[in-house]
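Quick notes on the structure that follows.
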Amino acid sequence: MIELQIDEVIYNAGILGLCRVFQHANLDFDRKGQTISFDEANLENFTEHYFELLTERYGYESTYYKMLASKAFIEKCMVGVDDEKQLEQFNKLIDNMKRWLTSNSYKNVYPFLKDIPYQFEAEAKAWKKVNKKKKETVDDVCEQVTELATQLLKCIGFLEYSKAKRYIVPRVLSYQIIQGFWSNVSLLNSTASKKDLYEEYENYFIKSAEAYLETKKDEKKYVKNKLTCACCDNKMKTTAEAFDLTWVQKVGVDAARKSSHYWDHQRDIFICPICNIVYSCVPLGFTLAKGKGLFINNNRSIDELISVNSISLRDGKDELHHDELESTAYFKILDVIVQQAENHKNLEIDNIQIVKYDCNMESRPYTFNVLSREKAQQMQDGKQDFQFLVGKFAKENGDYIQIYQEAIKRLYNGQSFADLLYRLLRLVVDGEFKGIASINKILNISNNQFKGGAHYMTQEELKKVRSYGFHLKEAYRGQESKLNGITYRLLNALKVKNSNKFMETLIQAYSYKKLAIPAAFVQVLNDVEKFQTIGYAFLIGLHGYENAKDNKEEQANG
């Protein structure tokens, strides 16, 4: 039996990926606490199972599946296009399929598809977009569309061959998914792009492990081995049997190029061939969507590691937005915590590590956050507010603000939400953002940080302050420019935490309309934190956020 234990975070992602391969292939493995054990026989056909799971989990993101998904549209075009917009969409599809089928990732697998009676590259190169002249209508080019649609459908028919899927999808995903986690060895070696990726993985990872396991059977010789794996208890005789971690992105050290990382410049960190396989499974341990992903390092046990990471990649037929993936992960943790609390079980949730991955951040693809008991409670209190923010954006100076990401980042880092509230409200005043309901959700999340303390305000108190703002807005109906001037002055006072300036502006605004200033504002003079909460709640109301609107928008946005 082979035994492995939970270790550092990236290795644990590999352990999870390994478990997922076994589960996918219906292979037995034992889980006891932080240890996983399995028979050597599980390595038979492991390569096939590895790429099958890779295809199953992430194939829908590949260009191969995009082409197959276009089949219904092409069949519709066979009988003609309805308008110029549909013709434009048809031409775009031709461009995309032509580009994909003639790309290197596709061309490099065509030698393995000789049994398929179709020349993908040659056929794709011959396709030309439908050229409609100025005086022509879409009906005039109907014959061209039908002819090209027939060719595209023929191509898709051959793409649907099982062998085409078996080679094309893993090769495309090796660059799209795997390469972000590990590279430069096996199928991703610079010399292996035109080789059989199955053979390359098998030779580098599986056969090396099988050969090593064979040497372990001679116990007398094995106990004399002096090199110890950095991740498990396996021992190796020489460096020829061992591997390093230089191929794991942003984790390993290249001893040949920078030996100064080691004592006396002598490399002393090795991993065994079994752990080498584990690290190859890291891409399968993360849950990814559009180049971004998550891994929850709940290292209390293998069972909990598997359970808490069982996040669905898709919602019905639609793939999840990355924000949705992330929020689903967090709230899955919270649901487990709440459930265990209800069952009166003692659950320590401190130091559950949330690892976020972004393939676009080449220099630092991983970021690490810790979900403590306090932060988990804050997330639980603001669960509906966070869910409301998923997928919400604002545009500021040409750049997009990902509102959910900005909010969750501040929660993790223990930062104030005041700067985010200011930026978004400023955009509202400038007419560049209409998501006043999102701003109210952020204020709720910010206020929840003070729950149980003197700075906290109840929902009823916030509702009342918002109503003051809304009623003042009504009083200034028809004088919107004057109201915007008031808002700018109030915002600037909040930005610099000047409660006196805020009150001075407020008194002038109420006096101009001969209205009595609400007594609740007295609080802003002696409590800075509450001043910020009251001030932003008032401005949210001042810009049209009605209390009844909250429920309507909540229902509409889930």
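As the structure is a prediction and not an experimental result, all values here were calculated from the model.
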Decide salt bridge (charged side-chain N to carboxylate O under 4.0 Å, His left out) for E406 and R410; before the verdict, give the C-alpha distance in whole Å, the side-chain angles of both, and the deciding distance to 0.1 Å. CA-CA 6 Å; E406 291 293 329; R410 282 164 176 75; 2.6 Å; yes

Donor-acceptor check, side chain of [X] to backbone of [Y], threshold 3.5 angstrom: yes or no?
{"X": "S62", "Y": "Y58", "result": "no"}
{"X": "N498", "Y": "A493", "result": "no"}
{"X": "K383", "Y": "M379", "result": "no"}
{"X": "K497", "Y": "E529", "result": "no"}
{"X": "S511", "Y": "I507", "result": "yes"}
{"X": "W247", "Y": "N184", "result": "no"}
{"X": "S174", "Y": "R171", "result": "yes"}
{"X": "E461", "Y": "T458", "result": "yes"}
{"X": "N492", "Y": "Y488", "result": "yes"}
{"X": "Q532", "Y": "L494", "result": "yes"}

Counting neighbours of CD on Q479 that are heavy atoms of other residues, nucleotides or ligands and sit closer than 6.0 Å, is the number greater than 12?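 Yes - once you tally the heavy atoms of other residues, nucleotides and ligands closer than 6.0 Å, there are more than 12.
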
Within the 3.5 Å criterion, strictly below it, is a donor on [X] or [Y] matched to an acceptor on the partner's side chain?
{"X": "Q405", "Y": "K356", "value": "yes"}
{"X": "R20", "Y": "N309", "value": "no"}
{"X": "R99", "Y": "N96", "value": "yes"}
{"X": "N299", "Y": "N12", "value": "no"}
{"X": "H543", "Y": "T487", "value": "yes"}

Does the side chain of [X] reach to within under 4.5 Å of the side chain of [Y], using non-hydrogen atoms?
{"X": "C19", "Y": "I36", "value": "yes"}
{"X": "I354", "Y": "Y412", "value": "yes"}
{"X": "V496", "Y": "F502", "value": "no"}
{"X": "Y510", "Y": "P518", "value": "yes"}
{"X": "L93", "Y": "M67", "value": "no"}
{"X": "Q402", "Y": "F393", "value": "yes"}
{"X": "F386", "Y": "I445", "value": "yes"}
{"X": "I168", "Y": "Y106", "value": "yes"}

Starting from the C-alpha separation in whole Å, work towards a yes-or-no answer on side chain to side chain donor-acceptor pair (under 3.5 Å) for E304 and N298. CA-CA 7 Å; E304 289 190 32; N298 186 353; 3.2 Å; yes

For the pair L443 and F417, evaluate side chain to side chain contact (heavy atoms under 4.5 Å, CB included) and give the outcome as yes or no after the intermediate values. CA-CA 8 Å; L443 183 64; F417 289 80; over 6 Å; no

Between E52 and V21, is a side chain to side chain contact (heavy atoms under 4.5 Å, CB included) present by the stated rule, with each step listed? CA-CA 9 Å; E52 281 177 7; V21 174; over 6 Å; no

So that I can tick it off, tell me whether [Y] and [X] are bridged by a salt bridge, with the cut-off set at under 4.0 angstrom between side-chain N and carboxylate O.
{"X": "K132", "Y": "E84", "result": "yes"}
{"X": "D358", "Y": "R364", "result": "no"}
{"X": "R477", "Y": "E474", "result": "yes"}
{"X": "E432", "Y": "K395", "result": "no"}

Atom [atom1] in [X], atom [atom2] in [Y]: separation rounded to 0.5 Å?
{"X": "I403", "Y": "S438", "atom1": "CD1", "atom2": "OG", "answer": "5.0 Å"}
{"X": "N448", "Y": "D385", "atom1": "CG", "atom2": "CG", "answer": "6.5 Å"}
{"X": "H455", "Y": "Q449", "atom1": "NE2", "atom2": "CD", "answer": "11.0 Å"}
{"X": "T63", "Y": "W100", "atom1": "OG1", "atom2": "CH2", "answer": "6.0 Å"}
{"X": "S280", "Y": "Y50", "atom1": "OG", "atom2": "OH", "answer": "4.5 Å"}
{"X": "K129", "Y": "E88", "atom1": "NZ", "atom2": "CD", "answer": "9.0 Å"}

Derivation of the side chain to side chain donor-acceptor pair (under 3.5 Å) call for E8 and N297: CA-CA 9 Å; E8 56 86 20; N297 188 33; over 6 Å; no

Examine [X] together with [Y] and report whether their ring centres are nearer than 6.0 Å.
{"X": "F181", "Y": "Y357", "answer": "yes"}
{"X": "F295", "Y": "F286", "answer": "yes"}
{"X": "F521", "Y": "F538", "answer": "yes"}

Taking the six-membered ring of Y512 as reference, does the NZ or CZ atom of K514 fall below 6.0 Å from its centre and within a 45° cone about the axis?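 Ring-cation test returns no.
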
Hey, does the Lys NZ or Arg CZ of K513 hover above the aromatic six-ring of Y476, less than 6.0 Å from the centre and inside 45° of the axis?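 Cation-pi check for K513 and Y476: passes.
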
So, for F433 and L424, which heavy atoms are closest and what is the spacing to 0.1 Å?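 Here F433 and L424 meet closest at CD2-O, 4.0 Å.
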
So which heavy atom on L288 is nearest to which on Y60, and how close?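 Taking L288 first and Y60 second, the nearest heavy atoms are O-OH, 4.1 Å.
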
Pair Q176, L173 - check side chain to side chain contact (heavy atoms under 4.5 Å, CB included), show working. CA-CA 5 Å; Q176 191 173 336; L173 294 179; 4.2 Å; yes

Show your working on side chain to side chain contact (heavy atoms under 4.5 Å, CB included) between L506 and L490 and close with a plain yes or no. CA-CA 8 Å; L506 208 58; L490 291 174; 4.3 Å; yes

R423 and E396: salt bridge (charged side-chain N to carboxylate O under 4.0 Å, His left out), yes or no, with the steps? CA-CA 8 Å; R423 288 165 62 192; E396 181 184 48; 2.8 Å; yes

